[in-house]
Amino acid sequence: PGTCTFAGSCPSNDLSGFKLNRGGSLKLLPGWPFPPGGTQPAIIDYKDNGAGTGTSLMVIANKDSDPFQSPSNPNYTSFRVSSTGTPSLIPGATLTLPAGASPWKIILPRKSQYFFGIQFTGETISTYRLARNGTMATNNTIPVCGASARGALHTSGSRPLCIRLAARLVIAVSCGRGLQVYCAHIR
C-alpha cells in the first residue's frame, strides 16, 4: 500500500511491515512481525494490486545461507497483502530452490506476469511466472558467468537494468522482446 514499507530480518527470520508517517517516522503495522516462509528473508519485492481487487502481492527471497542457522532449502515465497498492509501466506506459493542457491535479488516488473530472480552462489538468473493467485513456476534459467553467460529469458518490459553481482561482476539486463542478459567481468 502507498504509505507502507517492508523489511526482513535474517537473524530473527521474520518480516516487518511499517506505516510511513508524516515526517518519516515508522509505525509497526498490525499483524507484523510475520514468518517469511523460510529462513533468512533477504529480499522483498512488491506488486501493488498484483492479485486484483486492492490486494497486492509480495515475493520474499529466503536465502538460507547463514552457517549459524539450521539449514533448510532457500526459496521464493509469496504473500497477499491487504490494502491495510496485513499479510497472508498463500498456501502452495513457495518455490523451493536448490540447496546453496542463496537467492539475493528479485525484480518484479509492475506490468508483467514474470519476475526475475538471481541466485548468487548458483550463479544463475531465472524468470518465474507469478500468477494473480500468488503461485509461482520456473520459466527459464541461464548461467551468468562463463562462455554461456548470454541468453534470453521470456518476459515483458522495456526498461534496461544493470545489476552488480559482486565487486568484479556486472550483469546488464535489457528488456525488449524477451530478456537479454549479458555478463561482464571487470578487471
Side-chain angles (χ1 to χ4, degrees), residues 1-97 101-120 125-136 155 157 159 161-166 173 175:
T3 58
C4 295
T5 189
F6 305 96
S9 172
C10 290
S12 63
N13 293 315
D14 62 23
L15 300 171
S16 294
F18 300 92
K19 180 180 187 322
L20 180 60
N21 298 314
R22 289 179 187 239
S25 65
L26 298 173
K27 180 181 179 184
L28 189 65
L29 290 168
W32 297 86
F34 195 81
T39 57
Q40 288 186 277
I43 301 297
I44 301 168
D45 207 345
Y46 186 83
K47 192 171 204 172
D48 197 34
N49 200 34
T53 65
T55 303
S56 299
L57 291 174
M58 180 169 51
V59 177
I60 312 297
N62 292 297
K63 287 178 64 168
D64 187 51
S65 58
D66 183 347
F68 299 106
Q69 295 190 34
S70 298
S72 62
N73 279 343
N75 67 56
Y76 295 113
T77 301
S78 61
F79 295 80
R80 285 184 196 91
V81 181
S82 73
S83 60
T84 62
T86 303
S88 61
L89 180 64
I90 301 169
T94 296
L95 186 69
T96 302
L97 300 171
S102 192
W104 70 274
K105 186 71 176 168
I106 299 172
I107 304 164
L108 189 60
R110 301 295 173 231
K111 295 183 179 181
S112 177
Q113 64 179 347
Y114 296 92
F115 73 92
F116 313 113
I118 299 174
Q119 292 78 49
F120 186 67
I125 183 170
S126 302
T127 53
Y128 302 95
R129 184 177 185 283
L130 178 64
R132 285 181 73 89
N133 68 2
T135 58
M136 298 170 278
T155 188
R159 206 168 67 174
L161 174 70
C162 186
I163 302 165
R164 185 175 176 171
L165 284 180
V173 179
C175 300

Notebook entry, point to check: Heavy-atom distance under 4.5 Å between the side chains of Leu97 and Tyr76, does that happen here?
Noted result: yes
Check: Shortest non-hydrogen contact from Leu28 to Gly17?
Finding: CD1-O, 3.4 Å
Next item on the list: Report yes if the side chains of Phe115 and Asp45 come closer than 4.5 Å at any heavy-atom pair, otherwise no.
Entry: no
Check: For Thr55, does its backbone N or O pair with a side-chain atom of Thr53 as donor and acceptor, under 3.5 Å?
Finding: no
Next item on the list: Specify the closest pair of heavy atoms between Ile43 and Lys105, including all atoms of both residues, with the distance to one decimal.
Entry: CG1-N, 4.0 Å
Next item on the list: For residues Leu15 and Phe79, determine if any side-chain heavy atom of one lies less than 4.5 Å from a side-chain heavy atom of the other.
Entry: yes
Item checked: Minimum-distance pair of heavy atoms, taken over all atoms of Lys63 and Ser102 -> CE-OG, 3.4 Å
Notebook entry, point to check: What is the distance from atom CZ of Phe116 to atom CG of Leu108, rounded to the nearest 0.5 Å?
Noted result: 9.5 Å
Next item on the list: Please assess Thr96 against Asn75 for the test side-chain hydrogen bond (donor to acceptor under 3.5 Å, both in side chains), listing each intermediate value before the final yes or no.
Entry: CA-CA 4 Å; Thr96 302; Asn75 67 56; 5.6 Å; no
Item checked: Between CZ on residue Phe34 and OG1 on residue Thr86, distance to nearest 0.5 Å -> 9.5 Å
Margin query: If we check side-chain contact (heavy atoms from CB on, under 4.5 Å) with Asn62, which of these qualifies: Thr77, Thr39, Asn13?
Written below: Thr77
Next item on the list: Can you label the angle between the Phe6 ring and the Trp32 ring as parallel, tilted or perpendicular, going by 30° and 60°?
Entry: tilted
Check: Short question: side chain of Asn49, backbone of Gly54 - any donor-acceptor pair under 3.5 Å?
Finding: yes
Note to self: With a 4.5 Å cut-off on side-chain heavy atoms, are Leu29 and Cys4 touching?
What the structure shows: yes
Next item on the list: Give, for atom OG of Ser78 and atom CG of Leu57, the distance between the pair rounded to the nearest 0.5 Å.
Entry: 6.5 Å
Notebook entry, point to check: At their closest point, which heavy atom of Pro36 faces which heavy atom of Pro41, and how far apart are they?
Noted result: CB-CB, 3.7 Å
Checklist line | Nearest-0.5 Å distance that lies between atom OG in Ser25 and atom CG in Leu20 | finding: 7.5 Å
Item checked: Exercise: identify the closest heavy-atom pair between Arg80 and Asn133 -> NH2-O, 3.5 Å
Next item on the list: For residues Gly134 and Leu130, report the shortest heavy-atom separation together with the two atoms involved.
Entry: O-CD1, 3.7 Å
Margin query: Rounded at 0.5 Å granularity, tell me how far CE in Met58 sits from CD1 in Ile90.
Written below: 9.5 Å
Item checked: Nearest-0.5 Å distance, NZ of residue Lys19 to NZ of residue Lys27 -> 8.5 Å
